[in-house]
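Keep in mind that this is a model prediction, so the values were computed, not measured.
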Amino acid sequence: MNETVERRVIPALASLADRIGREGRAMQVAGKPGFNPDDKFLPGKIAIGMAYPLLDAPRGSREFSRRLADYRRIAALTAGDVNETWGIYYYLLALYKLKQAGLLDRAVSSETLAILRQKLDWRSFVRQPDLTLIDLPNNFYGVAFSAARLRFLLGWEDEAGAKALLAKTLDHYRTYSGEYGFADETNGDGRFDRYSVLLIGEIAQRFIETGLTPPAEVKRWLRRSVDLLIPRMNLSGAGFEYGRSIGAYGDTAPLEVLSVAAYLTLLTPLEEQMAYAYGARISARLMDFWYDPGMRSANLWRGGRATDTYRGEHRVLGENLSLFRQLIYTNALWNQLGYRGRQAAPGFARWLATLPRATTTWFARGAYDRALVTIRDGDHVIGLPLISGAEGYHRKNAYFPAPFSIGMLDATPDQTWPSLVPRIIFADGTPLMPLTFFKDIAVKTVGATTIVTLRQDALDDVSGEAPRADKRARVTTRFVFTPGRLVREDYIQQDRPGTVEVEFGTRSVRPVISDGTVRFGQGTVRSFKADGYGSCTVRPVADDAAYHSVTGAMQTAVRCSRKGAAGRYTLRWQVDYR
């Protein structure tokens, strides 16, 4: 890991920092403006991104003098720019690091520092006096606590704000993580995605970097995230395959969680070795797969790749800076544990083969159930997220209750076509999908077969931004996972006639339809078959942006649909893969 960081990450970051100092607002990254005002976190990311090369430069050298002058100039240049939430945290962290190194007064002028002291304030996104977030998801409580704690360490305010926000953060976690220990991004709507696993790792890291010891309950919650991640480790260094902000950030999330867990001695000796082996692969994957030398940039957007609007290409400079930072700070934790220069354990692949074929992680049970089922099949890690996207995300197919697997069944962020989930459209135009209202989730594994069942007494009306239950259709669903095969069966009771449709997107090519089955001549997916959906059509989609996934363009789409009467009927699809 340290070799990847020192030989590849730090030089790439230093090059960006040099260009920022040299070119300023004229800078472009991969042909896009680097200083894009639509990136609301950018000044803070620039501050922390330029701090690392400055702190690494030998004192008294020409490099040090140049970087110090660049930092002072860019800080003055960007002090008045819009800088929100995460940007505030990043900037405060940079200033704190400079203070610790005895460089703050030299790196930032007194005039600039006065502006920053006023602007870098957690109160800009937290209401007073009730400490509620201003139009933000709940993971931002951790950002607010971090900002308040850093302001205290900088001598800008007393400790009262940080203590109150920490209490608020932990109280929210207790309230909405329930007995299972994973944070709901909403106030109980059930959005349990990558951030539900990562958040506690970030909170624990904030304790460490600001000189605090995490309380026992934080460690307990962090261990729950570890237990979710261990069965998902893999040789490729891939991470989360569902939800929002996946792609490169889906890969680095496990690295962040496992690194801080190792630092806090929450792993067994064997788990620690395996976590390091996995983390070393994640670091390499970021530079091998996500970093494009031709672009001189991370690539989350081009060559058929797609990410959600939140991380659009307008944030290209900031995304490079924050991804590099994640690798640098996690590597520093491993170095402190004695792993500097250490090769990954040679038995990692053999150990992966001992992990259970199926693992169920519960997020919530009650009015609605929320869970993640993880299936291991050879080199494939397949996730079945049974969660709610809640407002804004429920109809995005990255949140669908369908199998996902990086490189085989990839998510297409911000898209709403019915990927492996039926969509019913009534004559009045109402579109319904079985996306949200899960009850009685049950998972049973016998040998190499895992069966998942659940029911929904109402389907989700996906015409609006927020989920809305419509009881004119009900469904019982059954998934069957066997080696090389995925099956979904839906038993639907529908009160009025409507059109039923489903789609399947894949990177496999050379499709041939025969006897109702689409067989592919090349690719990981061998075949797709849909029963009960009527006729199916096949078309190439490599040039259609709607079928660009997080890791690359899908090549072929299968679409099946039929008009149906009210009553009971069964839908089924089957995917066979290599």
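- In this structure, CD in Gln118 is found 11.0 Å from CH2 in Trp156, a value given to the nearest 0.5 Å.
- A centroid separation of less than 6.0 Å is found between the aromatic rings of Phe207 and Phe145.
- For the 3.5 Å distance criterion, the side chains of Asp189 and Ser388 fail to qualify, holding no donor opposite an acceptor.
- Remark: the Tyr329 side chain and the Glu256 side chain contain an N/O donor-acceptor pair separated by less than 3.5 Å.
- The pair Arg232-Glu241 counts as a salt bridge, with a side-chain nitrogen and a carboxylate oxygen less than 4.0 angstrom apart.
- Looking only at distances, no side-chain donor or acceptor of Asn299 sits under 3.5 Å from a matching main-chain atom of Ser297.
- None of Pro385, Pro403, Ser405 except one satisfies the side chain to side chain contact (heavy atoms under 4.5 Å, CB included) rule with Tyr242; the exception is Pro385.
- Using a 4.0 Å cut-off between a side-chain N of Lys or Arg and a carboxylate O of Asp or Glu, Asp292 and Arg305 do not qualify as a salt bridge.
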Assess whether salt bridge (charged side-chain N to carboxylate O under 4.0 Å, His left out) is satisfied between Asp70 and Arg67, documenting all intermediate values. CA-CA 5 Å; Asp70 284 350; Arg67 293 194 185 283; 5.9 Å; no
Applying salt bridge (charged side-chain N to carboxylate O under 4.0 Å, His left out) to Asp410 and Arg507, what does each step give before you reach the verdict? CA-CA 9 Å; Asp410 281 311; Arg507 293 191 187 178; 3.4 Å; yes
Take Glu465 and Arg395 through the test salt bridge (charged side-chain N to carboxylate O under 4.0 Å, His left out) and record every step on the way to the result. CA-CA 8 Å; Glu465 278 295 307; Arg395 56 188 177 181; 2.4 Å; yes
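- Considering only residues two or more places apart in sequence or on other chains, Arg244 meets the side chain to side chain donor-acceptor pair (under 3.5 Å) condition with Glu185.
- Just one residue in the list Arg149, Arg151, Lys163 forms a salt bridge (charged side-chain N to carboxylate O under 4.0 Å, His left out) with Glu157, and that residue is Arg151.
- Partners of Glu319 by side chain to side chain donor-acceptor pair (under 3.5 Å), not counting sequence neighbours, listed by chain and number: Tyr249, Arg311, Arg315.
- Between Arg342 and Glu272 there is no salt bridge, since none of the side-chain N atoms of the basic residue sits less than 4.0 Å from a carboxylate O of the acidic one.
- Checked by atom type, the side-chain pair Tyr263/Gln205 shows no donor-acceptor distance below 3.5 Å.
- Results of the side chain to side chain contact (heavy atoms under 4.5 Å, CB included) test with Ser283 over Leu255, Asn331, Val9, Thr252 single out Leu255 as the only residue that passes.
- Of the candidates Phe404, Phe240, Phe192, Tyr393, Tyr399 forms a ring-ring contact (aromatic ring centres under 6.0 Å, His included) with just one, namely Tyr393.
- With hydrogens and angles ignored, the 3.5 Å screen pairs no side-chain donor or acceptor of Thr374 with any backbone N or O of Gly383.
- For the pair Val143/Leu136, no side-chain contact is recorded, criterion being any heavy-atom separation below 4.5 Å from C-beta on.
- Surrounding CD of Gln343 are at most 12 heavy atoms belonging to other residues, nucleotides or ligands under 6.0 Å away.
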